[in-house]
Amino acid sequence: MDPYDILHRQSVDDPEAFWGAEAAGIEWHRPFTRVLDDRRAPLLRWFVDGTTNVCHNAVDRHLATRGDQAALIHVSTETGSERVYTYRELFDEVNRVAAMLIGEGVERGDRVLIYLPMVPEAVFAMLACTRIGAIHSVVFGGFASTSLASRIDDARPKLVLSADAGSRAGKTIAYKPLLDAAIDLARHKPHRVVLLDRGLCPMTRVDGRDLDWATLRARHLDDRVDCAWLESNEPCYILYTSGTTGTPKGVVRDTGGHAVALVASIKYIFDPAGAAGAVDPVSGRRTFFAASDIGWVVGHCYTVYAPLLAGMATLLYEGLPTRGMDGEPDAGIWWRLVARHRVNGMFTAPTAIRVLKKQDPSHLTAHDLSSLDALFLAGEPLDEPTARWIADGIGKPILDNYWQTETGWPMLAVQRGADASMAPRFGSPGKPVLGYRLKLLDESTMDEVGADRKGVLVLEGPLPPGCMATVWGDDARFVDTYWSLRDDRSVYSTFDWGVRDADGYYFILGRTDDVINVAGHRLGTREIEESIAAHAAIAETAVVGVADALKGQVAIAFAVLRDPASMATPVDRLRLEGEVMALVDRSLGALARPARVHVVDALPKTRSGKMLRRALQAVCEGRDPGDLTTIEDPSTLRQIHDLLHPSPSIVA
Ligand code: AMP
């Protein structure tokens, strides 16, 4: 057995011993009395009775040794600004926001909704919440009012932190009107809204509710707020993710387990050299750049928490991968930043690399990348041509890793910290991460399948620390959604298909459910369908994810009209398509906008009325739709096929 196999075996055979030792990676205020309490499995409690604080571990703990080291490097190519905060400066800013939250009545256990662009204040806000034991719920700035309203109603935040606007490709995106519309829509009304004025867009304030960030900051300039010592299982944050129903699930992350897992992930996956004490010879520190929005799980874990917990500097980037500080096109901007800030580890999604692939590859070699150890990619399947292109271009290891919002850190990865000689394999995110018991199960028998056989990828309990504790406010939903493949609730379903080769490398083959992945972002087709169904002319709709060369997948919508005669001409239908796209933009955000909206007479369903989405998706992608014995009316699929591919039919 190689060193990885030995460690992995130990980690899953005796999780209490393994994680009991890993817990030394963070500071505890009061030691835990028990590593794992699984009496209510699959609901787990890690590091029972131990008290700690994530902000203490991410900020205060480093003051003595690296107070003057860079902690947060903010670069915005949208506003042409760059600012470096040392750990001491970060500490000051976090204390100001913490004092501001307390001043506005936020208490331990209260929820705070953060709807902010990629500004340093977003990081201060997240850390300030964890400092006082408030539970943050960061909502991606690209989400529009309906998505925001459903999250407000579920999390019931006492206070919202937001801004006048974000900016994308030089275009101002006003946040405040979206927030106001969301609060109007929501049944729950937050008491306070604190607004950061970036000077990008005028705002109208709601009297008695809206406050100005800068004014409050000035009021609390010299305040200090003690860290709240939370029991390890108190929630740190809620992060919503899409599923098969129209209602997003609030993934709850705990406090101690979350911090321990992230520190372990730096050691085994993301920066083994730094964890072993190495520093960059030029910067004298370790620097990580996860180019993900803070509204997504990668942003939470690898832009904010993990690098700071590990004492690294983290780079927070607002902008596109192809636009420079002066607003001019610059396909080398990321590599320029790597060179300039001596980035040691970089993390993004394959989509971003596919965007860069359209540019001249000379950008990849125009900058000094000597600091960079590896490029990490996750969030969607990494196709081999893209992996090879970027590997050849930058001459660094390309380390795909596989995980979900729910797990909070990778399940599959190349773990150089467990075995320095572990090599990546094209097309595979790697091997099961220490602590994870991965299995592939046959879809119908639920028995484990062997090498080279496709199966549903599951995790056998107990899940390691850092994975979701529950669905916010709904333990039953957590158990029913994820743990119902087997009657004994012994396995967690990832809802992904996978296959393992003879050497133990896994390959991900796509989702088993109706979740789609657009440019590394996860969307539920149900949410998009519900949004489209609000159009007065539409009787019924189906949305599927269809393969796209750039974004991995895009949403394609099919609509049945209430009154087909009223929209008979191609011009009518084009107008309808535009209206539907605008409707989805307004309610969910542009990411969810269908690439096409096709008007059809009827949708393909089984005799029991279940939508045949997989068949619809196959037809869209020009594939054989497979077994259609259950279809109610085969002509529905034939019509769609002929509409999309006006050539010989593959549908019998
Ligand atoms: P999210 O929760 O938004 O991070 O989406 C998680 C889903 O993205 C997973 O269930 C997979 O379907 C997909 N995914 C994430 N990482 C990878 C990867 N490295 N390779 C293939 N699919 C991935």
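Counting convention: from 1, in listed order, for ligands and their atoms alike. Computed from heavy atoms alone, side chains included, the values below leave out hydrogens, waters and symmetry copies.
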Consider every N or O of H521 and every N or O of ligand 1, then say whether any pair is closer than 3.5 Å. no
Taking the side chain as everything from C-beta on, heavy atoms only, tell me whether M446 gets closer than 4.5 Å to V491. no
Would you say the side chain of C129 lies within less than 4.5 Å of the side chain of Y237, judging by non-hydrogen atoms? no
Got the closest protein heavy atom to atom 16 (N) of ligand 1, with its distance? G379 N, 3.1 Å
Out of [options], indicate the one that has the non-hydrogen atom closest to [atom].
| atom | options | value |
| --- | --- | --- |
| atom 1 (P) of ligand 1 | D383, T405, L399, D400 | T405 |
| atom 23 (C) of ligand 1 | R522, E380, R511 | E380 |
| atom 6 (C) of ligand 1 | F376, W403, F507 | W403 |
| atom 10 (O) of ligand 1 | D496, V515, I516 | D496 |

Answer yes or no: is there a donor N or O on one side and an acceptor on the other, between the side chain of D5 and the main chain of R9, under 3.5 Å? no
So does V458 get a backbone contact from the side chain of S493, meaning a donor-acceptor N/O pair under 3.5 Å? no
Proximal ligand 1 atoms for N401, defined as those under 4.0 Å from one of its heavy atoms: 16 (N), 18 (C), 19 (N)
Consider ligand 1: state whether an atom of it lies below 4.0 angstrom from any non-hydrogen atom of N517. yes
Can a donor-acceptor pair be found between the side chains of E380 and T351 at a distance below 3.5 Å? yes
Any idea which heavy atoms bring P272 and R416 closest together, and the distance? CD-NH2, 3.9 Å
Side chain or backbone of W296 under 4.0 Å from ligand 1, or both, or neither, by non-hydrogen atoms? neither
Pick out which of V584, I556, V543 makes a side-chain contact (heavy atoms from CB on, under 4.5 Å) with P594. V584
